[in-house]
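Indexing begins at 1, ligand by ligand and atom by atom, following the structure's order.
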Amino acid sequence: MIKRILAIIVGAGIAGGAGFLWYAWYPALPKVAPPQPGQFSAAKIERGRIVAAESYCVECHTRQDIGGGPRLAGDYKMVSPFGAIYSSNITPDPETGIGNWSEEALRRALRYGISRDGSHLLPAFVYDHFTKMTDADISDLYAWIMSQPAVHMTRRPNGFPLSISPRFTLAGWKLLYFRPGVYQPDPKHDAMWNRGAYLAEGAAHCGACHTPRGLLGAEKVPDEMYDGGAVDGWIAPPLNDKNPTPVVWTEDELYDYLRNGVAPLHGPAGGPMSPVAHDFLATVPEEDVHAIAHYFADVDHAAQRVGGDKAALRTAMEQSKRDLAGSVLSTDPDARLYQGACAACHYNAAPMPVLGRPELALNNALWLDEPTNLYLVMLRGLTAEEGQSGVAMPSFYNALSDHDMARIAAYLRRTRTTLPPWTDLDKKAAEARKLVEEPPVNSSH
Ligand code: HEC
Ligand code: HEC
Ligand code: HEC
């Protein structure tokens with residue numbers, strides 16, 4: 001595959017720069033007068049609100065560091081291996097936002113990653129997914145955006161080398177990795193599956209976090225689609241049958257997780273997954289969330305695997321009880337440490353975990369190749385907005401040393417999984433601590 005692409009580039013080189021210039025150059029689109037209030041029907045604006053929610057436009061276009069910022073006014077900081085990237089103002093302000101963009105200009109940006117002035121946009125703006133959105137959805141989205149309050153605000157200059165060198169070089173990246181085009185329904189599947197796939201692969205861009213990326217930041221598709229990725233220091237677990245958690249992600253589990261932010265047999269949506277569930281998928285039509293769950297239950301082959309996970313569930317619940325019985329405590333100092341710090345909340349005596357008190361043996365944090373998510377949860381805790389609304393976990397940033405966390409991680413891994421022990425646990429605990437910039441306010445002592 002890679003060889004073939006190189007051949008194309010070499011070929012393009014031989015044909016001369018002219019062909020590439022033709023490929024890379026886009027005209028500026030004319031400025032238009034900002035749409036008048038009342039130009040769009042309420043029904044159209046509401047449909048656009050749903051499209052925007054299913055694509056998390058607000059998440060990436062609202063500043064969250066240095067005290068936050070106005071909605072959709074941009075300057076949201078994204079950390080990439082190449083440097084910090086700040087998003088644009090997409091409110092209808094004509095000078096600093098996209099107030100004088102036509103619908104055509106928005107469509108071209110989402111489908112081809114080209115700004116109104118003709119320059120190439122960074123793929124941090126996930127247009128490799130948005131390209132799949134239909135014209136009708138983009139039209140509704142345009143109506144919603146243009147009906148939001150205009151905010152006059154500019155973003156910080158980004159720390160990305162490409163901002164110094166011409167944006168033109170992005171065309172080369174696109175030539176290598178970007179395949180524009182609206183989602184094409186797969187006739188082998190029913191309408192619900194196709195709706196789920198359309199949303200997951202397009203607007204909701206699940207793969208942007210859950211698919212691993214190569215050296216130049218492109219998702220490794222289709223070969224490693226949904227094999228698991230990394231975001232903001234967290235591991236986004238695999239969503240296919242490589243997902244390591246002992247209980248299968250069925251359609252029901254997926255629905256609960258995506259809609260309510262917590263799955264009974266897995267646990268809460270924490271970290272960067274929390275807004276996906278709470279701020280966005282909780283606010284869209286139920287059928288759309290069902291469709292996404294339906295699609296992923298097929299991606300992970302839940303139907304073929306369900307039932308085979310009963311024993312794992314039983315083992316997990318028995319371990320929880322055995323721990324509390326006290327027999328291990330006298331001999332194992334790690335068990336004592338875990339007992340004191342965690343078991344009061346993570347103990348389950350019933351045959352099923354209690355909602356809001358996740359059974360750690362079933363959570364991805366213990367089963368991933370690295371202890372990263374487990375460490376981040378201990379260091380940050382979980383706010384009442386994450387996972388199941390209203391319940392919180394305190395931060396152990398001050399209460400546990402790196403070595404304490406390493407002992408708890410090793411203990412949970414050896415008593416609750418069938419996987420090989422993690423290595424370099426102390427070192428990785430120190431690294432995770434650096435990711436949590438300062439002790440969260442709700443730190444326990
Ligand atoms: C994962 C984060 C992310 C999401 C989600 C996202 N954007 Fe962006 N967007 C960005 C970044 C970063 C840029 C700046 C790209 C650049 O500077 O090249 C951007 C740029 C844009 C631009 C170009 C603005 C200009 O002046 O050139 C538009 C238009 C835009 N986004 C619209 C949207 C819409 C509409 C949505 C929801 C459908 C959305 N974005 C969702 C990150 C995101
Ligand atoms: C901004 C990045 C991001 C996006 C976008 C995203 N996820 Fe996630 N997802 C994560 C992270 C990080 C976790 C781990 C959270 C945790 O363990 O609390 C996660 C966890 C999950 C889990 C739980 C996996 C497990 O084994 O515990 C599921 C299921 C999931 N995501 C599905 C989805 C779906 C479906 C979409 C698209 C609708 C999606 N995610 C979009 C980052 C993301
Ligand atoms: C005061 C109660 C409490 C204590 C003590 C506690 N937790 Fe939690 N923990 C919770 C709650 C509540 C949740 C789920 C939150 C939700 O559903 O929103 C949770 C969730 C988790 C998760 C799942 C996170 C995710 O995003 O999937 C992990 C892992 C975890 N805790 C580990 C620990 C460890 C390790 C300790 C001991 C160092 C500990 N917890 C101590 C209450 C607690």
- Please could you name the atoms of ligand 3 that V391 approaches to less than 4.0 Å, counting only its heavy atoms? 12 (C), 15 (C), 16 (C), 17 (O), 18 (O)
- Heavy atom of A344 under 4.0 Å from ligand 3? no
- Task: Just need the protein heavy atom nearest to atom 43 (C) of ligand 1, so name the residue and atom and give the distance.
- Result: C60 CB, 3.3 Å
- Query: What is the closest protein heavy atom to atom 12 (C) of ligand 3, and at what distance does it sit?
  - Reply: G356 O, 3.2 Å
- For atom 24 (C) of ligand 1, grab the closest protein heavy atom and report residue, atom and distance to one decimal in Å. S88 OG, 3.4 Å
- Message: Considering A200, G228, C209 one by one, which has a heavy atom nearer to atom 3 (C) of ligand 2 than any of the others?
- Response: C209
- Would you check the N or O atoms of Y56, main chain and side chain alike, for any that come under 3.5 Å of an N or O of ligand 2? no
- Item | Those atoms of ligand 3 less than 4.0 Å from some heavy atom in Q388 | 16 (C), 17 (O), 18 (O)
- Which segment of L400 sits under 4.0 Å of ligand 3 when only heavy atoms are counted: side chain
- Note on the structure: If we number the atoms of ligand 3 from 1 as shown, the ones under 4.0 Å from a heavy atom of E386 are 18 (O)
- Enumerated ligand 3 atoms positioned under 4.0 Å from heavy atoms of A365: 29 (C)
- Query: When only distance counts, is W234 in polar contact with ligand 2, meaning an N/O pair under 3.5 Å?
  - Reply: no
- Query: Thinking salt bridges, do R107 and E104 make one under a 4.0 Å N-O criterion?
  - Reply: no
- Task: Starting from atom 5 (C) of ligand 3, find the nearest protein heavy-atom neighbour and note its residue, name and distance.
- Result: A341 O, 3.2 Å
- Query: According to the interplanar angle, ranging from 0 to 90°, do the rings of H120 and Y26 count as parallel (below 30°), tilted (30 to 60°) or perpendicular (above 60°)?
  - Reply: perpendicular
- Task: Name all pairs fulfilling the side-chain hydrogen bond (donor to acceptor under 3.5 Å, both in side chains) condition that reach into residues 281-299, sequence neighbours left out, sorted by first residue then second.
- Result: W193-D298, R195-D288, E201-Y295, E251-H294
- Note on the structure: Ranked by distance from atom 37 (C) of ligand 1, the top protein heavy atom is C57 SG, 1.8 Å
- Starting from atom 26 (O) of ligand 2, which protein heavy atom do you reach first, and at what distance in Å? N243 ND2, 2.8 Å
- Using a strict 4.0 Å threshold on nitrogen-to-oxygen distance, state whether D75 and R155 make a salt bridge. no
- Item | N or O contact, A124 vs ligand 1, cut-off under 3.5 Å | no
- A384 near ligand 3 by a heavy-atom separation under 4.0 Å: no
- Message: Evaluate S115 for polar contact with ligand 1, using N/O atom pairs at a separation under 3.5 Å.
- Response: yes
- Message: Looking at atom 8 (Fe) of ligand 1, is there an N, O or S atom belonging to H61 that lies under 2.8 Å away from it?
- Response: yes
- Under 4.0 Å from ligand 3, counting heavy atoms only, is it the side chain of Y338, its backbone, both or neither? neither
- Within-cut-off N or O pair, H210 and ligand 2, under 3.5 Å: yes
- Between W249 and Y257, ring centroids under 6.0 Å: yes
- Can you find an N/O atom of G270 closer than 3.5 Å to an N/O atom of ligand 2? yes
- Tell me, yes or no, whether the heavy-atom count around K44 atom NZ, taken from other residues, nucleotides or ligands under 6.0 Å, exceeds 12. yes
- If you measure from each heavy atom of P394 to ligand 3, is any distance below 4.0 Å? yes
- In the protein, N/O/S atoms that are found under 2.8 Å from atom 8 (Fe) of ligand 3, waters not counted: H346 NE2, M393 SD
- Query: At a 4.0 Å threshold, what atoms of ligand 3 neighbour a non-hydrogen atom of P268?
  - Reply: 14 (C), 16 (C), 17 (O), 18 (O), 23 (C), 24 (C), 25 (C), 26 (O), 27 (O)
- Item | Protein contact to atom 27 (O) of ligand 3 [nearest heavy atom, distance to 0.1 Å] | N363 ND2, 2.8 Å
- Query: So which of F125, Y127, F280 gets nearest to atom 33 (C) of ligand 1, if we judge by its closest heavy atom?
  - Reply: F125
- Message: With a sphere of 6.0 Å drawn around CG of D241, does it hold more than 12 non-hydrogen atoms of other residues, nucleotides or ligands?
- Response: yes
